[in-house]
Novice: 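First, the structure itself, so that you have it in front of you.
Each chain gets a letter, A, B and so on, in the order the sequences are listed, and its residues count up from 1. Hydrogens, waters and symmetry mates play no part in the numbers below; they use all other heavy atoms, side chains included. The structure presented is a predicted model; accordingly, all values stated were derived computationally and were not measured.
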Amino acid sequence: MSRYEPKTIEPKWQAAWDVAETFKARRDPARPKYYVLEMFPYPSGRIHMGHVRNYTMGDVVARYKAAQGFSVLHPMGWDAFGMPAENAAMERGGHPKEWTYANIAEMRKQMKPLGLSIDWSREFATCDPEYYGQQQAMFIDMMAKGLVYRKNAVVNWDPVDMTVLANEQVIDGKGWRSNAAVERRELTQWFFKISDYSAELLSALDGLKDWPEKVRLMQANWIGQSRGLQFAFTTTGAPEGFDRLEVYTTRPDTLLGASFAAISPDHPLAKHLERHDSAVEAFVADCRKGGTTAEAMETAEKIGMDTGIRVLHPFDNSIELPVYIANFILMDYGAGAIFGCPAHDARDFEFATKYGLPIPTVFIPEGAEEVTLDEAYVPMKSERVQYIRGFAGNDLQTGEDAIAAAIAACEAQGVGRGVTNYRLRDWGISRQRYWGCPIPVIHCATCGVVAEKKENLPVRLPDDVTFDIPGNPLDRHPTWRNCTCPNCGADARRETDTMDTFVDSSWYYARFTAPHATTPTIAEDADYWMNVDQYIGGIEHAILHLLYSRFFARAMHATGHLPAKAIEPFNALFTQGMVTHEIYKTTDAAGRPIYHLPEDVTSFSLADRRVTVLGDVPPPDPDMIADIDAWLQALNDEGALVEVIPSAKMSKSKKNVVDPMNIIEAFGADTARWFVMSDSPPERDVEWTASGADATFKHLSRVWALCSRIGDMPADHQGVGDQDIAKATAKAVEEVTRSIETFAFNKAIAALYGLTNTLAKANGSTLAMKQAIRTLAQLMCPMTPHIAESIWTFQGGAGLCATAPWPKADPALLVDDTVTLPIQINGKRRAEISVPKDMPASEVEKIALADEAVVKFLAGAPVKKIIVVPGRIINVVV
RNA sequence: GCGGGCGUGGCGGAAUGGUAGACGCGACAGACUCAAAAUCUGUUUUCGCAAGAAGUGCCGGUUCGAGUCCGGCCGCCCGUACCA
């Protein structure tokens, strides 16, 4: 066996898998299926280490499951619509379509050398008309089911460029190109009725046993179920038609702490006042400044304006509360109006303090005296507090009990009713942009809004568009907009909004089961392959993408495109961390930062210090430098000394990126794959280091050398320690299997290091060594499939390692006859003993107490208690 | 602001409430070499000659026993509905 040369073996095995169609997914009723899916990439043009990590994780699972006998589906596609393509067209000219498809071709070319076990015959891009046409068909089906509607919603409006901005395009409240202060403006937009499913999406979270707890919690908080009281204030001094003001509160127990009422600037009453009062108009305009993000709204200074209108307290008509318009009240939540209880709500407190409103306390800590508050007192609802202005239930009770009692009391008195509210808003899918899936509807003067006929689908994006002026090119396209009404045949106008790209990614997993079908899905295929058994992707998608997908699967079931079992499309979810790298920075003469690529700097140790310099220079001889500080200063003066900033997510702007292509070129795909799986637990960030990649390559070379050495052994060599080799191998099989099952790939790799080290030192019989290294190859195969195939074949393995059945550990080899037990005295480890594994606790106790070190430490003190945890530990309490 | 997460040697990390630091990197020492690289062997939490003591961001609690569970802080990261 020659030297380890990834460049020779990797293309060879990739070709062998291609020829054998090893990874082609086939419906096989005789075998259990396994569908593993990684979140598909956006085709930015280059793959990065994050992709390598994500897809290697999925590949480990896919290859492992295939070896276990599953019929595996492991597809790949492209999340290809979105703003970057339009930005590229604006900046560099060209067309989003050409840019996108060129990027896809380039990324596919970069991905193939990784040796991923992907069924490439199922590949598609969401910008393929064959894909988005089916999406349009489903949109029409959803319209028919009442799951789609139109309403007004606010967008970021750039008053200079006269265009809608994405949140991302709003920087510090200003448009990214025009630098003009952004305004909020209302447009009529398309919505999916995800709120119909609020309760269902919440309760079904309980069934997602193999999702991370944190993701389920985040989704539950996002859906935000709350039980509260909705009631109406009677108003005085309000315009006609506004003699009642509906408000919603989750804390009806604090009704007697009300000191004001407040309405959203978007509330109908505010809008009415705006039209008749220039001061209100000016104030509301003020409120509408700034972006639409929750963060921008919440962190904005709280401002309010007294409307002069008063409301009567429902329990005491002598109490009048002022009605404010306040910028922190959201029209989308509850009734768009609240009563303010400053004593027990942080925002209300801030507001009341600012506008000099009273702050009546409703409850105080158990056993406390009433005091003047300098901040809102907001205990957990489960905490028991003393009510001093309560009106229902006991004086001493938990918030939960008080709220329930308050709702019951209010309902009995005819003041409002208990309602369950959700924070989850309907999904606004309208985007005023070109590069997305056209919404397949037509506006007719006579018939109104009409769905396009299905036989006219796909509604294709026109190719002849330009991006030289801001805004949606579809809006100004000379002919595309003009069409005929599918209903009456009159001249009509096509909808120019396109769909949110989250729609594209909400059903691609289902499409992979029948990627070339002329309907969105095919029942038999969906029935065989769904659900996704293991979904893998970034934690940044924990809420939106996953929630939208869960909704869309339900909508697809409601419209006959998915079986009932697929309404929760992802059985198991794994959220992986990012790949990070140190940042290398120098400063130019003007003090501006300059960032450097990792390959453009050199690091070395010098007098216990780590020094990083620009360029590819050899480390200096420390003995030759008299004054290291002066030497460093000189380097710094010439701008060659590099500041090292701790690891952060790889980003082009900080240049802390490592191109996977360079790593594959230098070390091969197996090294890249092994390294991204090895160092950190997969759910955490992994730091890419050049030394780590080096070390991985050295390790794989050692495995290769070991394989070579075993190959050179005479066939009849007897050696010693075959039983130990068998035991070490069995333990590695057990450990690697368990680790892959639990996504602890870093531990699987630690076990593989262990077995390799054992074998490298072993001198067993040729037969035992060959058997052990074949098993090692199989265990490595999910991580480093190419070198595994080479070793497998060289050592006489039958067929491809990729299709060989996963090894099983003989349970008899896994148990040791004796165990070592640490002995603690008062919880501190003082000694250890070795005992047969089945020894009864009473015997173990005797031996422990007789132990020399134990006797010494006890020094005759009486033993109060002795705890023996079999096979684990002994603790002596004195 | 709100929601969620994370914090362990010089570094990445390991540890069903039961021997803290597996495995890897780096560093140091040794072997081989004229020498270097490569390779191999060993040492490596801190303090201490040792016996021993301390130690998992900080403060407190539960427990025979806490990195792990609970409460409060600090720091960093992710999401926050038009980035994907």
Novice: Between side-chain atoms of residues 80-87 of chain A and protein atoms elsewhere (two or more places apart, or another chain), which donor-acceptor pairs fall under 3.5 Å?
Specialist:
{"residue": "A:E86", "atom": "OE2", "partner": "A:Y434", "partner atom": "N", "Å": "2.9"}
{"residue": "A:E86", "atom": "OE2", "partner": "A:W435", "partner atom": "N", "Å": "2.6"}

Novice: According to salt bridge (Lys or Arg N to Asp or Glu O under 4.0 Å), who are the partners of A:E295, at least two apart in sequence or on a separate chain?
Specialist: none
Novice: Need one value for A:F502: base, sugar-phosphate or nothing, where a base atom within 4.0 Å counts as base even if backbone is also close, heavy atoms only.
Specialist: base
Novice: Pairs in or reaching into residues 213-223 of chain A: which pass salt bridge (Lys or Arg N to Asp or Glu O under 4.0 Å), with residues at least two apart or in two chains?
Specialist: A:E213-A:R216
Novice: Measuring from the side chain of A:K214 (C-beta onward, heavy atoms only), which nucleotide among B:rA81, B:rG52, B:rG4 has the closest atom?
Specialist: B:rG4
Novice: Across the strands shown, which category fits A:K302 at heavy-atom distances under 4.0 angstrom: base, sugar-phosphate, nothing?
Specialist: nothing
Novice: Check every strand shown and say whether A:N757 touches a base, only sugar-phosphate, or nothing at a heavy-atom separation below 4.0 Å.
Specialist: sugar-phosphate
Novice: Classify A:R216 by what it touches in the nucleic acid, base, sugar-phosphate, or nothing, heavy-atom distance under 4.0 Å.
Specialist: nothing
Novice: For A:N826 and B:rA66, give me the distance from atom CG to atom C1', rounded to whole Å.
Specialist: 16 Å
Novice: With P as the reference atom in both, quote the distance from B:rG42 to B:rG52 in angstrom, rounded to an integer.
Specialist: 27 Å
Novice: Expressed as a whole number of angstroms, how long is the span from A:F675:CZ to B:rC23:C1'?
Specialist: 14 Å
Novice: Using the test ring-ring contact (aromatic ring centres under 6.0 Å, His included), find all partners of A:Y42 that sit at least two apart in sequence or belong to another chain.
Specialist: none
Novice: Among side-chain atoms of A:D497 and A:S430, is any donor-acceptor pair under 3.5 angstrom?
Specialist: yes
Novice: Let me know the distance between CE of A:M218 and C1' of B:rC6, rounded to the nearest Å.
Specialist: 12 Å
Novice: Would you please name every residue forming a side-chain hydrogen bond (donor to acceptor under 3.5 Å, both in side chains) with A:T292, sequence neighbours left out?
Specialist: A:N156, A:N167
Novice: Report yes if a side-chain nitrogen or oxygen of A:N156 is closer than 4.0 Å to either non-bridging phosphate oxygen (OP1 or OP2) of B:rC82; otherwise report no.
Specialist: no
Novice: Separation of A:L547 atom CG from B:rU80 atom P, in whole Å?
Specialist: 13 Å
Novice: In this structure, which one of A:D161, A:D158, A:T163 forms a side chain to side chain donor-acceptor pair (under 3.5 Å) with A:S178?
Specialist: A:D158
Novice: Rounded to the Å, how far apart are A:I866 CD1 and B:rC64 C1'?
Specialist: 11 Å
Novice: So, using salt bridge (Lys or Arg N to Asp or Glu O under 4.0 Å) as the criterion, who are the partners of A:R673 when residues are at least two apart?
Specialist: A:D59
Novice: Could you check whether A:K828 gets within reach of a base, just the sugar-phosphate, or nothing at all, counting any heavy atom under 4.0 Å?
Specialist: sugar-phosphate
Novice: Mind checking which stems touch RNA chain B? I mean at least 3 consecutive Watson-Crick or G-U pairs, both distances under 3.5 Å.
Specialist: B:1-7 with B:74-80, B:10-12 with B:23-25, B:26-31 with B:39-44, B:45-47 with B:52-54, B:57-61 with B:69-73
Novice: Does A:N167 put a side-chain nitrogen or oxygen below 4.0 Å from OP1 or OP2 of B:rU80?
Specialist: no
Novice: Each nucleotide N or O in nucleotides 36-47 of chain B that has a protein N or O under 3.5 Å away: list the pair and distance.
Specialist:
none

Novice: Any donor-acceptor pair under 3.5 Å joining the side chain of A:Q169 to the base of B:rC83?
Specialist: no
Novice: Under 4.0 Å between a Lys/Arg side-chain N and an Asp/Glu carboxylate O for A:K193 and A:D426?
Specialist: no
Novice: When you measure from the side-chain N and O atoms of A:R425 to the phosphate of B:rA81, is any distance below 4.0 Å, counting only OP1 and OP2?
Specialist: no
Novice: Starting at the 5' end of nucleotides 10-21 of chain B, put B wherever the base has a protein heavy atom under 4.0 Å, S where only the sugar-phosphate does, and a dash everywhere else.
Specialist: --BSSSB-BB--
Novice: Output all residues satisfying side-chain hydrogen bond (donor to acceptor under 3.5 Å, both in side chains) with A:R184, sequence neighbours left out; order by chain, then residue number.
Specialist: none
Novice: Among A:W674, A:W704, A:F667, which residue meets the ring pair (Phe, Tyr, Trp, His ring centres under 6.0 Å) test with A:H699?
Specialist: A:W674
Novice: Could you state the CZ-P distance from A:R347 to B:rC2, rounded to the nearest angstrom?
Specialist: 9 Å
Novice: C1' atom, B:rA36 versus B:rU43: distance in rounded Å?
Specialist: 24 Å
Novice: What is the distance, rounded to the nearest whole Å, between atom CD1 of A:I539 and atom C1' of B:rG5?
Specialist: 8 Å
Novice: Whole-Å distance between B:rA84 C1' and A:W78 CH2?
Specialist: 14 Å
Novice: Apply salt bridge (Lys or Arg N to Asp or Glu O under 4.0 Å) to A:E734 and list each qualifying residue two or more places apart in sequence or on a separate chain.
Specialist: A:R738
Novice: If you go through the side-chain atoms of A:Q189, does one of them form a donor-acceptor pair with the base of B:rC82 closer than 3.5 Å?
Specialist: yes
Novice: Please name all residues satisfying side chain to side chain contact (heavy atoms under 4.5 Å, CB included) with A:Q225, sequence neighbours left out, ordered by chain then number.
Specialist: A:L202, A:T420, A:Y422
